[in-house]
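Before any comments, here is the structure.
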Amino acid sequence: MNGWHILGAGSLGSLWATRLARAGLPVRLILRDQAALTRYRAAGGLTLIEDGQASLHPITAETPHSDMPIRRLLLACKAYDAEEAAASLAPRLAPGAELILLQNGLGSQEAVAARLPRVRCIFASSTEGAFREDAFRVVFAGRGHTWLGVPGQPQAPAWLDELHGAGIPHQWTAQILEKLWRKLALNCAINPLTVLHDCRNGGLRDWPGEVSGLCAELAELLRAAGQHAAAAGLHDEVLRVIDGTAANYSSMYQDVAHGRRTEIAYLLGHACQEAEHLHLPVPQLQALLLRLRAHLHARGLPLS
Ligand code: NAD
Ligand code: KPL
């Protein structure tokens, strides 16, 4: 099949699968195991809820053990699952296969690329929003944009046009690392503080000193990592995001509130690790990481 395989029928995987399928493109979902496949078949497909309207999409699904070769795979799982999920599909990846890595943060992309050196890994960073209302029922919660790219490669693949056809707003960029770093920095400046202060994003207006201190260290880290464009105007953008999303709970806040594992290792953890690697002191980021880990530990949640 010269189409799309999508691993993970979670929020973003379902959002992509349903839009690609309704544009008439061949899509196959890869579910975790036979039990998940049985539940999926009983549900009759994926349901997308968009602008209050539900539509059912009976997309073909399979387990990782199917023997159909994979040429283009959207890896739509959490960062902490990415390496193992990609590796489980290694025997099925056709020569020249492409993997689109839709994980937030940084670190998981490198791990996947190191595990599958013969595959072309395309990094993605998305500001679209979706959540699972129930198993195989996903709500499209926020319009956004997805950046895709391979660092340093300006030439977009021809299949990118399929995303236009499917109505998935996107743009190819050779500066994908800049986009991923910028989003990581925004997430580091906002998300942990919302967890620790138990507040919506707008609640951080009460903690301007903490926010600006973190932004200063994050901007310094980005510059030290060679990501100058990602550092420019960071504090102003963080303040704009806090205002623009004042009524929302951050994704990390929601993960902790629901007792779910967070992607901390690929966000604040990655920032602190990178600073250590660069011998750059980041006392406020490190103190934040310690406080956040203590908070997670107290709730029985994984620390990485
Ligand atoms: P999710 O938890 O809703 O979905 C992930 C899915 O992957 C789950 O259904 C899980 O069971 C499945 N999965 C994991 N390992 C698997 C395996 N080995 N085989 C088969 N299935 C497997 O996650 P999500 O919200 O879609 O997030 C995916 C990534 O996108 C994350 O890094 C997240 O931070 C990022 N992101 C999400 C949103 C959003 O609004 N949901 C927005 C921007 C970025
Ligand atoms: O992406 C976000 C999240 O909640 O994960 C924002 C809204 C930017 C806050 O960091």
Side-chain angles (χ1 to χ4, degrees), residues 5-17 29-37 39-40 46 61-66 73-90 100-109 112 123-147 179-180 182-195 200-202 204 211 214-215 218 234 237-256 258 260-268:
H5 275 92
I6 297 185
L7 179 137
S11 310
L12 286 196
S14 300
L15 193 55
W16 278 61
L29 283 173
I30 302 177
L31 304 180
R32 210 182 269 275
D33 50 28
Q34 195 56 45
L37 192 55
R39 289 195 299 275
Y40 174 76
L46 285 179
E62 62 195 32
T63 69
H65 306 294
S66 154
L73 172 73
L74 178 74
L75 196 68
C77 58
K78 290 283 170 67
Y80 47 74
D81 282 328
E83 185 183 348
E84 285 315 312
S88 76
L89 297 174
I100 300 144
L101 307 176
L102 197 49
Q103 284 63 51
N104 207 7
L106 279 160
S108 67
Q109 301 87 348
V112 170
F123 301 174
S125 178
S126 183
T127 60
E128 291 196 306
F131 64 89
R132 267 187 291 182
E133 190 186 70
D134 206 342
F136 310 117
R137 278 181 76 85
V138 166
V139 179
F140 192 176
R143 307 273 159 193
H145 190 87
T146 302
W147 296 94
K179 304 289 177 200
L180 284 160
R182 178 68 163 213
K183 179 134 194 280
L184 180 150
L186 285 168
N187 286 167
C188 286
I190 297 174
N191 298 11
L193 287 180
T194 63
V195 172
R200 296 173 197 260
N201 293 351
L204 297 186
V211 172
L214 292 173
C215 287
L218 285 162
L234 178 66
E237 191 180 352
V238 166
L239 296 180
R240 275 198 303 277
V241 171
I242 287 173
D243 282 341
T245 62
N248 298 356
Y249 286 109
S250 76
S251 55
M252 189 178 276
Y253 181 100
Q254 293 181 48
D255 283 341
V256 174
H258 289 105
R260 292 190 299 245
R261 182 175 175 182
T262 68
E263 294 181 300
I264 174 179
Y266 303 87
L267 297 165
L268 187 55

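Quick note: numbers below take in every heavy atom, side chains included, and nothing from hydrogens, waters or symmetry partners. All ligand and atom numbering here is 1-based and tracks the order in the structure.
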For [atom], what is the nearest protein heavy atom, given as residue, atom name and distance?
atom	value
atom 5 (O) of ligand 2	Ser251 OG, 2.5 Å
atom 10 (O) of ligand 2	Asn191 OD1, 2.5 Å
atom 6 (C) of ligand 2	Asn187 ND2, 3.9 Å
atom 7 (C) of ligand 2	Asn201 ND2, 3.9 Å

query: Can you find a side-chain donor-acceptor pair between His65 and Gln34 that sits under 3.5 Å?
result: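 On atom types as modelled, these side chains do not qualify, holding no pair under 3.5 Å.
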Working to the nearest 0.5 angstrom, can you tell me the gap between [X] [atom1] and [Y] [atom2]?
X	Y	atom1	atom2	answer
Ser108	Glu84	OG	CD	12.5 Å
Leu180	Ser125	CG	OG	4.5 Å
Ser14	Phe140	OG	CZ	12.5 Å
Asn104	Leu267	CG	CG	5.5 Å
Lys179	Ser126	NZ	OG	13.0 Å

field: Charged tip of Arg39 within 45° of Phe136 ring normal and under 6.0 Å
entry: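 Relative to the ring axis of Phe136, which defines the angle, Arg39 lies outside at least one limit.
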Pairs of donor and acceptor atoms involving the side chains of residues 242-250, under 3.5 Å and at least two apart or interchain, shall be tabulated with distances.
{"unit_1": "Asp243", "atom_1": "OD1", "unit_2": "Arg205", "atom_2": "NE", "d": "2.8"}
{"unit_1": "Asp243", "atom_1": "OD1", "unit_2": "Arg205", "atom_2": "NH2", "d": "3.1"}
{"unit_1": "Thr245", "atom_1": "OG1", "unit_2": "Asn201", "atom_2": "ND2", "d": "2.9"}
{"unit_1": "Thr245", "atom_1": "OG1", "unit_2": "Val241", "atom_2": "O", "d": "2.6"}
{"unit_1": "Ser250", "atom_1": "OG", "unit_2": "Thr194", "atom_2": "OG1", "d": "2.8"}
{"unit_1": "Ser250", "atom_1": "OG", "unit_2": "Tyr253", "atom_2": "N", "d": "3.1"}

message: For ligand 2 and Ser250, I'd like to know whether there is a polar contact (N/O to N/O, distance under 3.5 Å).
response: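 Not met; the criterion fails.
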task: Answer yes or no: is there a side-chain heavy-atom contact under 4.5 Å between Leu7 and Leu74?
output: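 A side-chain contact is absent here, since even the closest heavy-atom pair is not under 4.5 Å.
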field: Per-ligand residue contacts, ligand 1, heavy-atom threshold under 4.0 Å
entry: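 Lining ligand 1: Leu7, Gly8, Ala9, Gly10, Ser11, Leu12, Ile30, Leu31, Arg32, Ala76, Cys77, Lys78, Ala79, Asp81, Ala85, Leu102, Gln103, Asn104, Ser126, Glu128, Gly129, Ala130, Arg132, Glu263.
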query: Going by the atom numbers of ligand 2, which of them fall below 4.0 Å from some non-hydrogen atom of Val241?
result: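 This gives 8 (C) as the contact atoms.
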- prompt: Is it the side chain (CB and beyond), the backbone, both or neither of Thr127 that lies under 4.0 Å from ligand 2, heavy atoms counted?
  reply: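 For Thr127, there is no contact with ligand 2 at all, from either part.
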